[in-house]
There are 2 protein chains.
Amino acid sequence: MASVADCPTSRREARRESRRDAILQVASDSFLEFGYAGTTMSAIAATLGGSKGTLWSYYPSKELLFNDVLDRLTRDFRARLTLILKTQGDVETTLRRFCAEFLRKVTTPESIALYRLIISETSRFPEVGRIFYERGPRLTQHQLAGYFSGAIDRGLVRKADPLQAARQLIGLCLSGSHQRLLTGVIDELEPGQLDEDIDRAMDIFMRGYAPE
Amino acid sequence: MASVADCPTSRREARRESRRDAILQVASDSFLEFGYAGTTMSAIAATLGGSKGTLWSYYPSKELLFNDVLDRLTRDFRARLTLILKTQGDVETTLRRFCAEFLRKVTTPESIALYRLIISETSRFPEVGRIFYERGPRLTQHQLAGYFSGAIDRGLVRKADPLQAARQLIGLCLSGSHQRLLTGVIDELEPGQLDEDIDRAMDIFMRGYAPE
DNA sequence: ATCAAAAAACCGTACTGTATGGTACGGTAA
DNA sequence: TTACCGTACCATACAGTACGGTTTTTTGAT
């Protein structure tokens, strides 16, 4: 039933789906680059090709388009962050690998732009930040906490609240380059910079959670 | 010489100074609440009283007003963050006190709004983020690093890069409530929440930097 | 010290030109 | 028939300008 409902049943519907997808893509790029206020429907239509009227036939308002864009962007973000925690190796190796993958993903220009957009629009669209948090930070915290909980059970790290420990490791990872990217202090990463960030985070984290 | 230049020499100048101050105050409130795009000069003039033309006589453009507002806001922020590191007590007590004061100051609604504004406007006004970083995060990092360096010299904590250690402690402090305020997940702090954040940060930090 | 005149600052209101979300419509394409 | 196109249009918003009249401050004369 569900698969039938999801299946486009005509050329027409397939076309509309494809067009909607293109709209969302162009709109995403614009919102990410210029923010909500700085994005105009005319510019979207111009980039997209076709007429403005068509764009309006897909989205009755700018706000609805923005909602759809954010929904999509945060879902994509979530998909990207759904790390497959590879648990081969000892705790330090596993956590280091996790941190590397996590940091690499949240420091891409797209991720920085998304985070900026979220923070910017939080007051105008109050649900935005919450949805993002559920699909971003909370997700990674819980993934990591799951692994960490197992490590506690096996006596590989000291007993602690796994979720708090996860938050701390993530917080440590974010306290270097990520913050400077977000505030525009640096525009891009130097080679090896993420590795330094991770080394530092891991150093204190492993000391702080060494088995007792 | 400098004090002479700063001293209003006439009723006229004093009046202009006072008027400029009022403009900056009203504009600050508006930019913080509505962002750059959401702030209109008409609204500023209406709140301020008097005529729009007068406002234009003080600032020839919205952008110049914004620059002045940001300059002022970041200076005020710096003044607030110029913590007097009270070094009585042991290292843990001192650091805890520092963290408490720091977190209290960066989680006020004004500070959150400022950070949001900075992040929002970084692409449109690229210097904004850098200036903020110099007057905010870097300042506190260096204050803390100075203290930490002394503690290293006295063998009270293990040898490490004091600036990196400072960044980490601050990063740990910011990984809880601050992030959730910034993203709008929570609108205000529960009683005791900051203390929890600090306890957690201090716990891992003191373990991680225990003397070897 | 006082006062009148001049200069500067300010007010309220109207206006300008541009921009933007959104609408309308005749003609064409699928 | 439906979807789309290109173009024109609408109403509103907003940074910024203009202008005649009023208020405040300064200046210069007495």
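Numbered from 1 within each chain, the chains take letters A, B, ... in sequence-line order.
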- Query: Quick one: is D:dA3 close enough that its OP1 or OP2 comes under 4.0 Å of any side-chain N or O from A:R20?
  - Reply: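 No, outside the criterion.
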- Message: Whether A:R15 contacts D:dT2 is assessed here as follows: a side-chain N or O lying under 4.0 Å from the phosphate OP1 or OP2. Is that the case?
- Response: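 So the side-chain polar atoms of A:R15 never come under 4.0 Å of the phosphate oxygens OP1 or OP2 of D:dT2.
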- Item | Between C1' of D:dT12 and CE of A:M41, the distance in whole Å |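 In whole Å, D:dT12 C1' lies 17 Å from A:M41 CE.
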- Message: Counting only heavy atoms and a strict 4.0 angstrom limit, can you tell me which residues of residues 48-69 of chain A come near DNA chain C?
- Response: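 The stretch gives A:K52, A:W56, A:S61, A:K62 as the residues lying under 4.0 Å from the strand, ordered by number.
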- Task: Look at the aromatic rings of A:F66 and A:F125 and report parallel, tilted or perpendicular, splitting at 30° and 60°.
- Result: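 Aromatic pair A:F66/A:F125 classed tilted.
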- Query: Taking the six-membered ring for Trp, are B:F98 and B:F102 parallel (under 30°), tilted (30 to 60°) or perpendicular (over 60°)?
  - Reply: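 Plane angle under 30°, so parallel.
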- Query: To the nearest 0.5 Å, what is the distance between CG (B:D71) and CG (B:L24)?
  - Reply: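 It is 9.5 Å, given to the nearest 0.5 Å.
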- Query: Is it true that a side-chain atom of A:S111 and a backbone atom of A:T107 form a donor plus acceptor pair closer than 3.5 Å?
  - Reply: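 No, A:S111 side chain to A:T107 backbone: no donor-acceptor pair under 3.5 Å.
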- Message: Any side-chain to backbone donor/acceptor pair from A:R97 onto A:Q88? Under 3.5 Å, distance only.
- Response: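 A pair under 3.5 Å: yes.
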- For DNA chain C, note the earliest and the latest nucleotide, 5' to 3', having some atom under 4.0 Å of a heavy atom belonging to chain B.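 The protein-touched segment is C:dA8 to C:dG12.
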- Message: Under 4.0 Å between a side-chain nitrogen and a carboxylate oxygen: does that hold for A:R167 and A:D161?
- Response: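 No, A:R167 and A:D161 are not salt-bridged.
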- Query: Within 45 degrees of the axis of the six-membered ring of A:Y59 and under 6.0 Å from its centre: does A:R20 put its NZ or CZ there?
  - Reply: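 Judged by the rule (NZ or CZ under 6.0 Å from the ring centre, within 45° of its axis), A:R20 counts as positioned above A:Y59.
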- Item | Aromatic A:F77 / basic A:K105 pairing, under 6.0 angstrom, 45° off normal |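 Not satisfied by the 6.0 Å and 45° rule.
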